[in-house]
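Treat the numbers as computed from the prediction; the structure is a model and nothing was measured.
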Amino acid sequence: MLKNFIYSLFFLCIVTPSYAAFENSPEWLALVHYQGEKGKYVSTIDSDPFFLSPDGKTNPQAELQATINLFENTQDTEKKCLFPARYKLLQKNSLVSKPFPKCKDLEQFYDDLRPSGVTLLFTDAYMNNPSSLFGHTLLRIDTARKGTQLLAHGANYGAFTAGQENSVLFAIWGLTGGYYGGFTVKPYYDIINTYNNIENRDIWELNLDFTPQELDFFVAHLWEVGHSQTRYYFFTQNCSYMLMEVLDAVRPSMQLSEQFPVQTIPLDTIKAVLQRQGLVKDINYRPSRQAKIRHRYRMMNDKQKKQYLEIIHEQEYELAGLSESEKADVLETAYQFVQYQYVAKNLELADYRKQSFKLLMERNKVTEQGSIAELDKGKEPYLTHDSMRAEIGTGFRNGEAFQEISYRPAYHSLTDDNYGFLRGAEINFLNTTLRHYDEQNKTVLQKFDIVGIKSISPMDAMFRPFSYEIRWDVAREYNPETQDEGYVTNLKVGTGVSYAITDEVWTYAQLNSYAAYGGFLPDNAYLGLGGAIGVFADFDKWRLFGEAEQVYATDKFGEKTKINVEGAYTLNRNNALAIRYSKEWRSGKDLEESLLSWRHYF
């Protein structure tokens, strides 16, 4: 008893002073994922087992004391094995002295990974999954195994959604923290197959310049957070944000997570990482299978294209009039397309085997190599305009002058500069517009766009994607009969097809359904159905969008014929000029608007 008392007294007198300052050190705060300021710290980790002190989630000092006590005064090997990174940090700062125990599962984890480096991955937006509209980031633990990095492992943070990704519940729980999220580690070839081949998303690989000590610490911390969960929030505490916290734990001086106090968009985190001097040593581009096929098709001459299409659609393998090199290119591209069709589940296994075997047999007859170089360069996503946008402009509404200002937290519109974005995709959230009318001398909330998603995906001889649109907003509407104005909640859902006239000009046709509700409406609500045709043109610095639509509704208030034309010119990466014109023909007075504006992205 006396011996234990003397030891405890020694512990308090000698150890406590050494960690009194360390409890608020950037290293400790980052490792336990504390955010906030002194006296108001809260860890983003929500799993109780992650904390050794009952109030460890909000008390860095108590958690540090409990951690030191675990390693110095207990025999709880199982619990010690959950916190290898904490041990490494405390040992480095002479706060623990006893050896770390032998941990079979942890050693197996290291052996499975065989880490040689860390790579941050960014995948393009995937318009068919709400959780991936902004793209996605994850980490790859590069392997020391000989051969390809396909044998490495990927660390992915995501929400545990129980298969609700495409339901209304996903949006509700994802926005309000209704899901828990966590890290999973799986083979990199599975990740490539999912993102690169199945979802056809380009991948950008940013190789991080970690020292051997940082690499070891990263793996140890990945083991720690792999046993914990956090509340998942779609706009803030999401896949990309948690990666920033993990990287901060390895190198706290970067302060990556502090850059995202309000919203975290994957593309913005990539830019933040690239801004940290000495963090990224090189970048690699991995195009999707569909991007590779499209590239090879563009590089073919007309004869090659014709015979390539005959192969993939009619299984006609006559390659008359082509050189040996041209034949090789056609057959290799056709083989890639058959692989794509099978992965996309557009081809049964028996047909896949039959067509693949035939193509390989035909290719074996060709004596020369193809001349088409593989796609090795894409439009860098980290050179895109910034995500937030402020817009200020002036215009006229039925002859009355107005000025307006709008703010959009995220993310991209069709007429914004498309460099590095998924072309033809529009994703806008929480766009808010205030407008001042001169004659009436009043300022009003003109429109609040809760969400606006539009995807124009041209069909061609190889691929048949559908185009679609979803919009939900609250808008100040004009009644042409009474000339009054009031607020209406609008929902629009549409789908259609689009075709590319040229690489720069796309057209589309779309069938839309409408629902509107508001006390301002004559009968409080109406339903509608509309047919629209439109054009989207992208000439690098110039973009143009135009649409005409006829809407039929259950109330004449909702019936209208309308046109909308919008154009924008890029001044530089984060500035553009825009012009918009719209007109609606309704029963009663028509509504005509024009606007000239300046857009700034930040």
Side-chain angles (χ1 to χ4, degrees), residues 4-5 7-98 100-101 157 160 176-183 217 220-233 236-238 241-242 244-250 252 255-258 260-261:
N4 289 339
F5 174 77
Y7 179 83
S8 299
L9 184 64
F10 175 82
F11 180 79
L12 289 173
C13 295
I14 303 300
V15 179
T16 300
S18 65
Y19 73 69
F22 189 75
E23 68 196 36
N24 292 313
S25 67
E27 293 84 0
W28 177 249
L29 296 176
L31 183 61
V32 193
H33 295 254
Y34 288 114
Q35 297 294 332
E37 56 187 29
K38 190 173 182 179
K40 298 180 181 179
Y41 291 120
V42 178
S43 174
T44 54
I45 304 297
D46 292 306
S47 296
D48 290 339
F50 186 77
F51 303 102
L52 299 170
S53 168
D55 59 346
K57 184 175 174 65
T58 58
N59 192 331
Q61 180 185 22
E63 187 64 18
L64 178 60
Q65 291 174 346
T67 304
I68 293 175
N69 183 62
L70 170 68
F71 289 114
E72 292 292 285
N73 302 322
T74 75
Q75 302 299 319
D76 194 341
T77 299
E78 182 178 354
K79 188 168 289 186
K80 289 179 181 180
C81 288
L82 293 176
F83 299 102
R86 292 195 193 188
Y87 178 85
K88 292 175 184 294
L89 180 63
L90 297 180
Q91 184 189 50
K92 177 183 176 182
N93 287 274
S94 302
L95 295 176
V96 295
S97 58
K98 292 188 176 180
F100 191 75
Y157 177 88
F160 302 127
T176 60
Y179 293 121
Y180 280 98
F183 281 91
F217 193 78
H221 185 54
L222 182 62
W223 173 261
E224 292 182 350
V225 295
H227 290 84
S228 65
Q229 294 184 3
T230 65
R231 288 285 182 180
Y232 179 92
Y233 294 90
T236 53
Q237 200 169 297
N238 55 24
Y241 178 81
M242 292 308 298
M244 297 300 99
E245 285 202 357
V246 168
L247 295 179
D248 280 342
V250 177
Q255 298 180 327
L256 286 164
S257 59
E258 293 183 12
F260 304 97

Residue list, side-chain hydrogen bond (donor to acceptor under 3.5 Å, both in side chains) with T44, at least two apart or on another chain: E245
Sequence neighbours excluded, every pair satisfying ring-ring contact (aromatic ring centres under 6.0 Å, His included) that has a member inside residues 23-47: H33-H221
For D46, side chain to side chain contact (heavy atoms under 4.5 Å, CB included) partners two or more places apart: K57, Y180, T230, R231, Q237
Summary of disulfide bond (SG atoms under 2.5 Å apart) pairs that have at least one residue in residues 65-98, sequence neighbours excluded: C81-C103
A220: partners by side chain to side chain contact (heavy atoms under 4.5 Å, CB included), with sequence neighbours left out: P84, A85, K88, Y110
All side chain to side chain contact (heavy atoms under 4.5 Å, CB included) counterparts of K40, not counting sequence neighbours: E37
E63 side chain vs S53 backbone, donor-acceptor pair below 3.5 Å: yes
Residue pairs involving residues 27-36 (criterion salt bridge (charged side-chain N to carboxylate O under 4.0 Å, His left out); sequence neighbours excluded): none
Check: I45 main-chain N/O paired with S43 side-chain donor or acceptor under 3.5 Å: yes
Residues forming a side-chain hydrogen bond (donor to acceptor under 3.5 Å, both in side chains) with S257, sequence neighbours excluded: Q35, D248
For K79, side chain to side chain contact (heavy atoms under 4.5 Å, CB included) partners two or more places apart: L52, L70, D76, F83
Pairs meeting criterion ring-ring contact (aromatic ring centres under 6.0 Å, His included) with involvement of residues 46-75, two or more places apart: F71-Y87
Test ring pair (Phe, Tyr, Trp, His ring centres under 6.0 Å) applied to F183 - qualifying residues, sequence neighbours left out: Y157
